[in-house]
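To start, the structure under review is shown below, and the notes come after it.
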2 protein chains.
Amino acid sequence: MSEAELDRLFQAFADGTRRDIMRRVAVGEYSVSGLAGLYAMSFAAVQKHVAVLERASLVTKEKRGRQQIVRGNHEGLQGARRLLDEYEAIWRQRAGRIADMLAED
Amino acid sequence: MSEAELDRLFQAFADGTRRDIMRRVAVGEYSVSGLAGLYAMSFAAVQKHVAVLERASLVTKEKRGRQQIVRGNHEGLQGARRLLDEYEAIWRQRAGRIADMLAED
DNA sequence: ATATTCTACAACCAAATGGTTGTAGATCAG
DNA sequence: CTGATCTACAACCATTTGGTTGTAGAATAT
């Protein structure tokens, strides 16, 4: 996963409206206007948020009739989780080394 | 964990230089200028990146003589992991429901 | 005492973000 | 066919971001 992709991924999570959209589409299907109805902002603003999530591969859109259905994309989410797990692993290695040093006395 | 804290957390991860700093300080200790020496940008730019990580509770600073030691803060990292784990759980619940529906035929 | 090192912070700049309104193309309903 | 609905996209605006340079203070070294 490239640095640019990670930039987009975490940038996408760095907004409360987008995190809420992620929760919604993880549970069910929403059209763009269905989502727009949930927030106190313009349709275009929500449309932009969905676009940010789409560029981050956290969401996919599929045309159904005149509406565009937004679905959560599990793989994108897993990419972010993997990175944080990697940091966690590095951290634990270090904690392990410190424990070893203490044990060596 | 408040929405504003989550904003700062994920915003902090949304930059390659800051992600690299996180990897470094997860392994060892660095002063601000020690970190600054690693990147092709000004001291002040790196200082700002460290400040962003600090506001996000991903890093702490401790004064030692004339230098400021930057350390990774495990709890901040775990906050981000928890959120992604929560989305993952929601996703799996949904996958479970779909499996149940299919099984009900 | 003086010079050097490390840090902090202000001021500035270009680009990106998060919002708005307005316009226009598809699709569906009556 | 006509009107309503859903979407896309452009243009605009204020604020934030990621970078710069410059100045100044505190701690250390010579």
Side-chain angles (χ1 to χ4, degrees), chain A residues 2-25 28-72 80, chain B residues 2-25 28-72 80:
Chain A
S2 77
E3 288 293 298
E5 284 173 306
L6 290 172
D7 285 359
R8 276 180 250 128
L9 241 176
F10 287 104
Q11 180 61 39
F13 275 113
D15 180 278
T17 302
R18 287 195 293 264
R19 287 192 300 272
D20 196 69
I21 291 176
M22 283 302 292
R23 276 180 227 113
R24 306 275 187 170
V25 300
E29 286 182 355
Y30 285 83
S31 67
V32 178
S33 56
L35 287 170
L38 301 170
Y39 308 102
M41 67 184 71
S42 69
F43 173 85
V46 175
Q47 204 179 15
K48 280 193 187 183
H49 282 305
V50 172
V52 169
L53 291 169
E54 197 182 12
R55 266 182 301 139
S57 303
L58 283 170
V59 129
T60 59
K61 283 194 299 188
E62 189 188 343
K63 200 167 181 176
R64 187 150 77 200
R66 75 184 140 183
Q67 51 192 7
Q68 200 79 259
I69 303 299
V70 182
R71 290 200 183 84
Chain B
S2 75
E3 288 293 298
E5 285 174 306
L6 290 172
D7 285 359
R8 278 180 248 127
L9 241 176
F10 287 104
Q11 181 60 39
F13 274 113
D15 179 278
T17 301
R18 288 195 293 263
R19 286 192 300 271
D20 196 69
I21 292 177
M22 284 303 290
R23 277 181 226 114
R24 307 274 188 171
V25 303
E29 287 183 352
Y30 285 83
S31 67
V32 178
S33 57
L35 287 170
L38 301 170
Y39 308 102
M41 66 183 72
S42 69
F43 173 84
V46 175
Q47 204 177 14
K48 280 193 186 180
H49 282 305
V50 172
V52 170
L53 291 170
E54 198 182 10
R55 265 183 301 139
S57 304
L58 283 170
V59 130
T60 60
K61 281 193 301 188
E62 189 188 342
K63 201 169 182 177
R64 187 150 80 198
R66 75 183 141 186
Q67 51 192 6
Q68 200 81 259
I69 303 299
V70 181
R71 290 200 184 84

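In what follows, chains are A, B, ... by sequence order, proteins preceding strands, each numbered from 1. Below, each value reflects all heavy atoms present in this structure, side chains not excepted, and no hydrogens, waters or symmetry copies.
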Over how many whole Å does the gap from [X] atom [atom1] to [N] atom [atom2] extend?
X      : N       : atom1 : atom2 : result
M41(B) : dT17(D) : CE    : C1'   : 13 Å
E29(A) : dC6(D)  : CD    : P     : 16 Å
Q68(B) : dT5(C)  : CD    : C1'   : 14 Å
Y39(B) : dG18(D) : OH    : P     : 15 Å

With the criterion being N/O to N/O and under 3.5 Å, what pairs connect the protein with nucleotides 25-30 of chain C, and how long is each?
from    : atom 1 : to     : atom 2 : distance (Å)
dT27(C) : O2     : R66(A) : NH1    : 3.4

5'-most contact on DNA chain D (nearest-nucleotide basis), K61(A) vs Q67(B), goes to K61(A)
Could you go step by step and tell me if I21(A) and Y30(A) meet the side chain to side chain contact (heavy atoms under 4.5 Å, CB included) rule? CA-CA 9 Å; I21(A) 291 176; Y30(A) 285 83; over 6 Å; no
Quick one: is dT5(D) close enough that its OP1 or OP2 comes under 4.0 Å of any side-chain N or O from S33(A)? no
Check this for me: does any side-chain nitrogen of one of R64(A) and E29(A) sit under 4.0 Å from a carboxylate oxygen of the other? yes
Among residues at least two apart in sequence or on other chains, which ones pass side chain to side chain contact (heavy atoms under 4.5 Å, CB included) with D20(A)? R23(A), R24(A), Y39(A)
What's the separation between atom CD in E3(B) and atom CG in D15(A), rounded to the nearest 0.5 Å? 9.0 Å
Exam field: side chain S33(B) to backbone A36(B), donor-acceptor pair closer than 3.5 Å: no
In residues 43-52 of chain B, what residues come within less than 4.0 Å of DNA chain D, judged by heavy atoms? A44(B), A45(B), K48(B), H49(B)
Under a 4.0 Å heavy-atom cutoff, the residues of residues 7-23 of chain A touching DNA chain D are none
Classify the nucleic acid contact of S42(A) as base, sugar-phosphate or nothing, counting any heavy atom under 4.0 Å across all strands shown. base
Quick one: side chains of residues 40-63 of chain B, donor-acceptor pairs under 3.5 Å with protein atoms, not counting sequence neighbours, listed by atom name and distance.
from   : atom 1 : to     : atom 2 : distance (Å)
S42(B) : OG     : A45(B) : N      : 3.1
H49(B) : ND1    : R18(B) : NH1    : 3.2
E62(B) : OE1    : R71(B) : NH1    : 2.4
E62(B) : OE1    : R71(B) : NH2    : 3.4

For F10(B), ring pair (Phe, Tyr, Trp, His ring centres under 6.0 Å) partners two or more places apart: F13(A)
